[in-house]
Engineer: 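Okay, here's the structure, questions in a sec.
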Amino acid sequence: MSRLEAKKPSLCKSEPLTSERVRATLCVLKGILTSSYGPSGRLKQVHSGFGGCVCTTSQSSALLSNLPVTHPILKILTTSMQNHVSCFRDCGLFTAILCCNLIENVQRTGLTPTTVTKLNQHLLSLCTSYLKSESCGCRILVDFSSPQTLLCLVRSIVTSKPACMLTREERDHLSALILRAFLLTIPENTKDRLILGNSIIVPLKGQRVLDSSVLPGILIEMSEIQLMKILPIKKSEAFKVALFCASLSGDFSDTGEGTMVVTYGVSLENAVLEQLLSLGRQLVSDHVDLVVCQKVIHPSLKQFLSMHRVIAIDRVGVALMEPLSKVTGTQPIGSIGSISPSSYGSVKDLCPAKFGFKHFLHLIPYEATICSLLLCNRNDTAWDELKLTCQTALHVLQLTIKEPCVLLGGGCTETHLAAYIRHKTCNEPESILKDDGCTQTELQLSTEAFCSALESVAGSLEHDGGEVLTDMKYGHFWSAHAEAPSIVNWPDLLSRCGCGLYNSQEELHWSFLKSTRHPFVPQTYLPHEATGSADNLTLDCFTAKLSGLQVAVETANLILDLSYVIEDKN
């Protein structure tokens, strides 16, 4: 009998954020995330010491899921960020970096956690109410009659993922494809509410990115031999389809702990095969043209259907079942008994397709709310990153349909918001202080910590040692080259602000982002002609960024308010 080890008592640590080890670990995590942020962010290679694949990425979803985090405080932070990314797909790095900045800045103020969390909530409500207001100077309403804003939004997402390794031509081509794929999922005729379709990403690795394309309907991969057997496919009217989620292999289902009683002399295999062939005869008599099965079709049933000119495709997998159901207009059949005529669906046309070295059967529906995005890239690593990027862009477009507005990107929303909050708390402090019992000094310290955290997120976009500035009129973010001379005429050195909306030839005054300056009123409206004339803006998803701002502040408040950490080491 092996020796039993005595149970160890739980470790109880007070004031966890005062631990030098915890601070150092938070600093390392912040450094990893900050250096990955933006279009020029540095790539990270994450791999396990026990072997397995190497992940090369700068995306928050891949980084946070692959980083081995053990300390409870870091687990709170990373879990909170992962929950945000799983819901919104975007602004994960923004959220995580802002949260780390807030924790770091607040600790320097020396304020009590109760005071800080109370004031942070007020500053957060100021931010959200301003961002949702019509007078917001960093929000643009989306005009769906013109695709330019949506195209800028998609291009901004694709550009911010350097691990995709795309040229400018490839970025533009892919951005247009993603937008087209999304538009194909919008139904032409809607009644009460809008129900979007699906975009299915079909992998084509080893091909040029410029070979990527979008087709309405579904592509089912097949071997060339299989496709040749069913060609030619000619029919004047619609193709009738039967879609099965039940196995047609003839296997017996697991009876668990029950008992199956079989009459003497009866062959189960023959009985099941006869039932399958009976099903085949019904499909033929009902003039079904295409049988699609999620699982396996018995070879005898396949041969029978083929003899009667019925196309049979199996092993399509569970991922394609919902899109196939939408395309054919039917629910998957879950049994091999008698089938009701209402169980069948239809497609407009079937045709073969070849892309690269792969062959497909193309199912073309009557109303194209399902489309296939054939996604190409040079290698597996770049393709995996590109797939994540496309999924993010498609999800962000869906969020924009629900809330039709976008925020200025490139750090401009963060610096503009920081300027607005500084001015608001400096000129109207009584609106915050009247109910909280906080002093003016505490409000100023908390505001500076909050606004500096926002500005530090914008400053994280600069990775080459360049100067980061903000203008004193709009409160936008500007970046200059590292080799800038000490005495410089800024309009000659700067070109456009981070979002691309304003150029340096206007009569602007600049200040270094981390320097001390008097609060000023940023221009809190966007001139229509300015947004209309800019065709290459950097934009962020409104819904994802607003949620990221809230998650960052609330997670930071939770961590700052922790008094004890109790760990079970058994």
Engineer: Answer yes when Arg139 and Asp540 have at least one side-chain N-carboxylate O distance shorter than 4.0 Å, and no when they do not.
Structural biologist: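 Result for this pair is no, no salt bridge flagged.
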Engineer: Carefully, step by step, assess Leu549 and Leu131 under the rule side chain to side chain contact (heavy atoms under 4.5 Å, CB included).
Structural biologist: CA-CA 11 Å; Leu549 180 64; Leu131 290 174; 4.2 Å; yes
Engineer: Can you tell me how far apart CG (Leu119) and SG (Cys438) are? Round to the nearest 0.5 Å.
Structural biologist: 4.0 Å
Engineer: Looking at every heavy atom in both Val116 and Ser446, which two are closest together, and how far apart are they?
Structural biologist: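 Taking every non-hydrogen atom into account, O-OG, 4.5 Å.
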Engineer: If we only count heavy atoms from C-beta on, is the Leu166 to Val158 side-chain gap below 4.5 Å?
Structural biologist: yes
Engineer: Should Lys161 and Glu385 count as an ion pair when the cut-off is N to O under 4.0 Å?
Structural biologist: no
Engineer: Quick one: does Val214's side chain get under 4.5 Å of Leu373's, heavy atoms only?
Structural biologist: yes
Engineer: Is it true that a side-chain atom of Glu462 and a backbone atom of Asp464 form a donor plus acceptor pair closer than 3.5 Å?
Structural biologist: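 Answer holds: yes.
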Engineer: Is Ser325 reaching over with its side chain to a backbone N or O of Met321, donor-acceptor style, under 3.5 angstrom?
Structural biologist: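 Absent.
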Engineer: Determine, stepwise, if the pair Asn379 / Lys205 fulfils side-chain hydrogen bond (donor to acceptor under 3.5 Å, both in side chains).
Structural biologist: CA-CA 6 Å; Asn379 55 59; Lys205 300 175 185 179; over 6 Å; no
Engineer: Has the side chain of Thr447 got a donor or acceptor atom that lies under 3.5 Å from a matching backbone atom of Gln444?
Structural biologist: no
Engineer: Can you tell if the side chain of Cys87 reaches within under 4.5 Å of the side chain of Asn83, non-hydrogen atoms only?
Structural biologist: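 Answer no - side chains too far apart.
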Engineer: What are the two closest non-hydrogen atoms of Ile97 and Thr34, and how far apart are they?
Structural biologist: CD1-CA, 3.7 Å
Engineer: Examine distances only and state if a side-chain atom of Thr79 and a backbone atom of Ile76 form a donor-acceptor pair shorter than 3.5 Å.
Structural biologist: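 Between the backbone of Ile76 and the side chain of Thr79 there is no qualifying donor-acceptor contact (under 3.5 Å).
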Engineer: Is there a salt bridge (Lys or Arg N to Asp or Glu O under 4.0 Å) between Glu455 and Lys514? Walk through the geometry before answering.
Structural biologist: CA-CA 8 Å; Glu455 289 175 338; Lys514 295 182 180 179; over 6 Å; no
Engineer: Taking side-chain contact (heavy atoms from CB on, under 4.5 Å) as the criterion, tell me which of His395, Gln59, His84 meets it with Arg89.
Structural biologist: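 Only match with Arg89 under side-chain contact (heavy atoms from CB on, under 4.5 Å): His395.
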Engineer: Are side-chain heavy atoms of His509 and Asp471 found at a separation under 4.5 Å?
Structural biologist: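 No, every pair of side-chain atoms sits at 4.5 Å or beyond.
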Engineer: Just by modelled atom types, is the Leu539 backbone N or O under 3.5 Å from a matching donor or acceptor in the Ser156 side chain?
Structural biologist: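 Side chain of Ser156 to backbone of Leu539: a pair is present.
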Engineer: Ile401 and Ile186: which non-hydrogen atoms are nearest, and at how many Å?
Structural biologist: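 Here Ile401 and Ile186 meet closest at CD1-CD1, 4.2 Å.
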Engineer: Is the backbone of Asn557 close enough, under 3.5 Å, to the side chain of Asp561 for a donor and an acceptor to pair up by distance?
Structural biologist: no
Engineer: Can you tell me how far OG1 of Thr538 sits from CG of Leu501, rounded to the nearest 0.5 angstrom?
Structural biologist: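 Interatomic distance, Leu501 CG to Thr538 OG1, rounded to 0.5 Å: 10.5 Å.
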Engineer: Give the intermediate values and the outcome of side chain to side chain contact (heavy atoms under 4.5 Å, CB included) for residues Leu98 and Leu102.
Structural biologist: CA-CA 6 Å; Leu98 178 58; Leu102 278 171; 4.3 Å; yes
Engineer: Can you confirm whether Gln121 is buried at CD, in the sense that more than 12 heavy atoms of other residues, nucleotides or ligands lie under 6.0 Å from that atom?
Structural biologist: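 More than 12 within 6.0 Å, yes.
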Engineer: Could you pull out the closest heavy-atom pair between Gln523 and Tyr474, with the gap in Å?
Structural biologist: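 Closest approach of Gln523 to Tyr474, heavy atoms only: NE2-CE2, 3.4 Å.
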Engineer: Which distance, rounded to the nearest 0.5 Å, do you find between the CG of Leu29 and the CG of Leu64?
Structural biologist: 7.5 Å
Engineer: Quick one, Val202 with Phe355, criterion side chain to side chain contact (heavy atoms under 4.5 Å, CB included). Give me CA distance, side-chain angles, the key distance, then yes/no.
Structural biologist: CA-CA 11 Å; Val202 181; Phe355 296 95; over 6 Å; no
Engineer: Rounded to the nearest 0.5 Å, how far does CG of Leu184 lie from CD1 of Ile370?
Structural biologist: 10.5 Å
Engineer: Is the His416 ring parallel, tilted or perpendicular to the His476 ring (thresholds 30°, 60°)?
Structural biologist: perpendicular
Engineer: Please determine whether side-chain hydrogen bond (donor to acceptor under 3.5 Å, both in side chains) holds for the pair Gln82 and Ser61, giving the CA-CA distance in whole Å, both sets of side-chain angles, and the decisive distance to 0.1 Å.
Structural biologist: CA-CA 7 Å; Gln82 283 177 292; Ser61 56; over 6 Å; no
Engineer: I'd like to know if Glu414 pairs up with Lys545 as an ion pair, taking the criterion as any Lys NZ or Arg NE/NH1/NH2 lying under 4.0 Å from an Asp or Glu carboxylate oxygen.
Structural biologist: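 Yes, Glu414 and Lys545 are salt-bridged.
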Engineer: Any chance the side chains of Arg155 and Asn536 put a donor and an acceptor closer than 3.5 Å?
Structural biologist: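 Looking only at side-chain atoms, Asn536 and Arg155 do form a donor-acceptor pair, the distance falling under 3.5 Å.
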Engineer: Do any N or O atoms from the side chain of Arg42 and from the backbone of His463 form a donor-acceptor pair under 3.5 angstrom?
Structural biologist: yes
Engineer: Between Lys402 and Thr543, is any pair of side-chain heavy atoms under 4.5 Å apart?
Structural biologist: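 They are not in side-chain contact.
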Engineer: Ala556 and Cys99: which non-hydrogen atoms are nearest, and at how many Å?
Structural biologist: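 Smallest interatomic distance, heavy atoms only, reads N-SG, 3.7 Å.
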Engineer: Is it true that Asp211 and Arg208 have a side-chain N and a carboxylate O under 4.0 angstrom from each other?
Structural biologist: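 Looking at Arg208 together with Asp211, the answer is yes, because their closest N to O distance falls below 4.0 Å.
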Engineer: Tell me the closest heavy-atom pair linking Gly498 and Cys412, and the distance in Å.
Structural biologist: N-SG, 3.6 Å
Engineer: Between Ser36 and Lys44, do the side chains contain an N or O donor and an N or O acceptor separated by less than 3.5 Å?
Structural biologist: yes
Engineer: Decide yes or no for Phe542 and Leu399: does some side-chain heavy atom of the first lie under 4.5 Å from some side-chain heavy atom of the second?
Structural biologist: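 No, every pair of side-chain atoms sits at 4.5 Å or beyond.
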Engineer: Please confirm whether the backbone N or O of Leu324 pairs with a side-chain atom of Thr328, one donor and one acceptor, at under 3.5 Å?
Structural biologist: yes
Engineer: For Arg378 and Met165, indicate whether the former's side chain and the latter's backbone hold a donor-acceptor pair under 3.5 Å.
Structural biologist: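 The answer is yes, because a donor-acceptor pair under 3.5 Å joins these two groups.
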Engineer: Between Arg422 and Glu448, is there a side-chain N and carboxylate O pair less than 4.0 Å apart?
Structural biologist: yes
Engineer: Return the CD1 to SG distance between Ile421 and Cys451, rounded to the nearest 0.5 Å.
Structural biologist: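 Interatomic distance, Ile421 CD1 to Cys451 SG, rounded to 0.5 Å: 6.0 Å.
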Engineer: What's the spacing between Cys138 SG and Leu408 CG if we round to 0.5 Å?
Structural biologist: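 The SG atom of Cys138 sits 6.0 Å away from the CG atom of Leu408.
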Engineer: Got a donor-acceptor contact below 3.5 angstrom from the Ser146 side chain to the Asp143 backbone?
Structural biologist: no
Engineer: Does Leu26 reach the side chain of Leu77, with side-chain heavy atoms less than 4.5 Å apart?
Structural biologist: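 Yes. Closest side-chain heavy atoms under 4.5 Å.
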Engineer: Would you tell me whether Gln391 and Ser199 have side-chain atoms, one donor and one acceptor, within less than 3.5 Å of each other?
Structural biologist: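 Ser199 and Gln391 do not have a side-chain donor-acceptor pair below 3.5 Å.
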